[in-house]
Amino acid sequence: MSRWAALPAELDPRVRQLVVRLRRLKDHSGLSLRQLAARTGYSQKSWERYLGGRSLPPREAVEALARAVDEEPTRLLALHEVAAEAWRNGRREAAAGEPEQEPLVAPGSLSVEATGPRSPGRSLRVALVAGAVALVLALSTAVLLVVRLSGGDPAQPASPLVATGGPSSPAVSASMPHSASASPSAPAYTCRPERVDGHWYAGLSRTRDAILAGGHAGPEVAEAQCLLRRAGISPGVIDGIFGPVTERAVRQVQRRAGLVVDGIIGPHTWKALRQ
């Protein structure tokens with residue numbers, strides 16, 4: 001038989017009756033707390049709290065214990081219902097009996113610290129966050145203005161562009177807006193198509209395997225644009241910028257060559273362009 005610790009003196013008699021009954025059933029069954037936990041699905045620590053009067057066991061735990069010791073659960077559940085009501089009432093009374101906590105500062109004697117400005121560290125963090133938000137808004141406004149002035153696609157950012165510079169290309173800044181790097185009236189690149197050893201070149205890049213996609217910029221993109229135009233597919237302005245018009249032209253040449261249509265220039269697309 002287990003030697004149980006005394007139940008808390010303030011425990012309600014109705015709760016005490018339930019706990020004592022559960023203890024007796026556990027002792028008569030010969031089960032240890034570990035075995036009881038394994039049979040009921042409630043941990044050993046939980047049963048220590050329940051049978052120690054520190055916590056009221058849930059209805060399901062009481063029913064699980066009854067099944068584990070082959071006891072008819074009806075009477076136990078009735079005891080649990082009465083104990084649960086007493087437990088709730090006791091908690092409400094305890095909460096009502098707690099003294100009201102006095103304010104740390106009297107209502108009429110607020111100090112300068114309570115009503116003054118916040119601490120310097122917090123104010124600095126607030127100022128940094130506000131400055132970052134203002135910077136983002138200013139940059140967004142500038143980008144929209146550049147796009148509108150250049151007549152570009154609002155969905156296509158004007159800056160910055162991904163540079164793909166090469167040794168034979170004119171210097172083009174990757175951070176310049178679209179309207180500064182190229183314009184319809186004054187393209188930055190000139191196509192000089194020629195056929196060498198059975199392959200077409202436009203005089204801007206001799207690459208055959210550079211990977212180009214939307215957002216890239218540089219002589220390799222201009223080379224591809226020239227070769228697209230030579231193939232009879234308009235890429236738009238030969239500006240060295242891989243924009244939506246260039247991507248549509250790439251998809252068209254991929255479809256014509258029987259390649260995977262993804263709008264990305266790779267080795268297979270270069271081969272189709274240079275043939």
Side-chain angles (χ1 to χ4, degrees), residues 1-140:
M1 301 290 287
S2 301
R3 299 185 62 181
W4 296 101
L7 293 172
E10 66 276 8
L11 195 65
D12 187 279
R14 290 163 292 184
V15 180
R16 183 185 298 271
Q17 183 180 6
L18 172 65
V19 174
V20 170
R21 179 61 179 165
L22 295 177
R23 285 181 172 185
R24 289 176 180 173
L25 289 174
K26 182 264 179 192
D27 289 340
H28 288 313
S29 70
L31 297 174
S32 65
L33 286 177
R34 180 178 300 178
Q35 292 170 331
L36 183 62
R39 290 196 180 188
T40 60
Y42 290 83
S43 68
Q44 181 177 340
K45 293 290 185 182
S46 298
W47 281 115
E48 289 176 358
R49 293 195 306 273
Y50 300 155
L51 299 178
R54 300 193 303 274
S55 178
L56 182 70
R59 177 186 176 90
E60 293 77 7
V62 174
E63 193 172 359
L65 184 145
R67 289 197 303 267
V69 300
D70 295 328
E71 175 75 9
E72 172 60 38
T74 304
R75 185 169 183 271
L76 278 179
L77 293 177
L79 289 175
H80 178 270
E81 186 175 353
V82 174
E85 180 65 24
W87 186 273
R88 288 192 294 269
N89 291 338
R91 296 188 66 178
R92 283 197 294 267
E93 292 173 0
E98 290 182 357
E100 184 178 355
Q101 187 176 2
E102 296 182 359
L104 297 178
V105 181
S109 60
L110 290 177
S111 63
V112 176
E113 288 82 359
T115 58
R118 297 177 178 176
S119 62
R122 183 176 179 84
S123 300
L124 179 59
R125 288 195 296 271
V126 172
L128 289 176
V129 171
V133 172
L135 180 60
V136 170
L137 292 176
L139 289 176
S140 302

Value rounded to 0.5 Å, distance of CG in Asp12 from CG in Asn89: 8.5 Å
Flag, side chain of His80 to backbone of Pro57, donor-acceptor distance under 3.5 Å: yes
Quick check: closest heavy atoms across Ala37 and Ser43, and the distance to 0.1 Å? CB-C, 3.7 Å
Please report the closest heavy-atom contact between Arg54 and Trp87, naming both atoms and the distance. O-CH2, 3.9 Å
Please find the pair of heavy atoms, one from Leu7 and one from Gly53, that lie closest to each other, and give the distance. CD2-N, 4.0 Å
Glu71: which residues meet the side-chain hydrogen bond (donor to acceptor under 3.5 Å, both in side chains) condition with it, sequence neighbours left out? Arg21
Nearest 0.5 Å please: distance from the CG atom of Leu18 over to the CZ atom of Arg75. 10.0 Å
Passes side-chain contact (heavy atoms from CB on, under 4.5 Å), Val62 versus Leu79? Steps please. CA-CA 10 Å; Val62 174; Leu79 289 175; over 6 Å; no
Identify the two heavy atoms, one from Pro73 and one from Glu63, that lie closest to each other, and give their separation to 0.1 Å. CB-CG, 4.4 Å
Interatomic distance, Leu11 atom CG to Gln17 atom CD [nearest 0.5 angstrom]: 11.5 Å
Tell me every residue that passes side-chain hydrogen bond (donor to acceptor under 3.5 Å, both in side chains) with Arg39, counting only those two or more places apart in sequence or in another chain. none
Between atom CZ of Arg49 and atom CG of Leu56, what is the distance when rounded to the nearest 0.5 Å? 11.5 Å
Show your reasoning for whether side-chain contact (heavy atoms from CB on, under 4.5 Å) applies to Val69 and Lys26. CA-CA 7 Å; Val69 300; Lys26 182 264 179 192; 5.8 Å; no
Polar side-chain atom of Arg34 near backbone of Gln44 as donor-acceptor pair, under 3.5 Å: no
Nearest heavy atoms of Glu72 and Thr74, plus distance in Å: OE2-OG1, 2.6 Å
Just wondering, are more than 12 heavy atoms of other shown residues or ligands nearer than 6.0 Å to CD in Glu81? no
Look up atom CD in Gln35 and atom OG1 in Thr40, then write down how far apart they are to the nearest 0.5 Å. 11.5 Å
To the nearest 0.5 Å, how far apart are CG in Leu36 and CG in Leu51? 7.0 Å
Kindly indicate, with the supporting measurements, whether the criterion side-chain contact (heavy atoms from CB on, under 4.5 Å) is fulfilled by Leu65 and Tyr50. CA-CA 11 Å; Leu65 184 145; Tyr50 300 155; over 6 Å; no
Is it the case that over 12 heavy atoms from other parts of the model lie below 6.0 angstrom from the CZ atom of Arg91? no
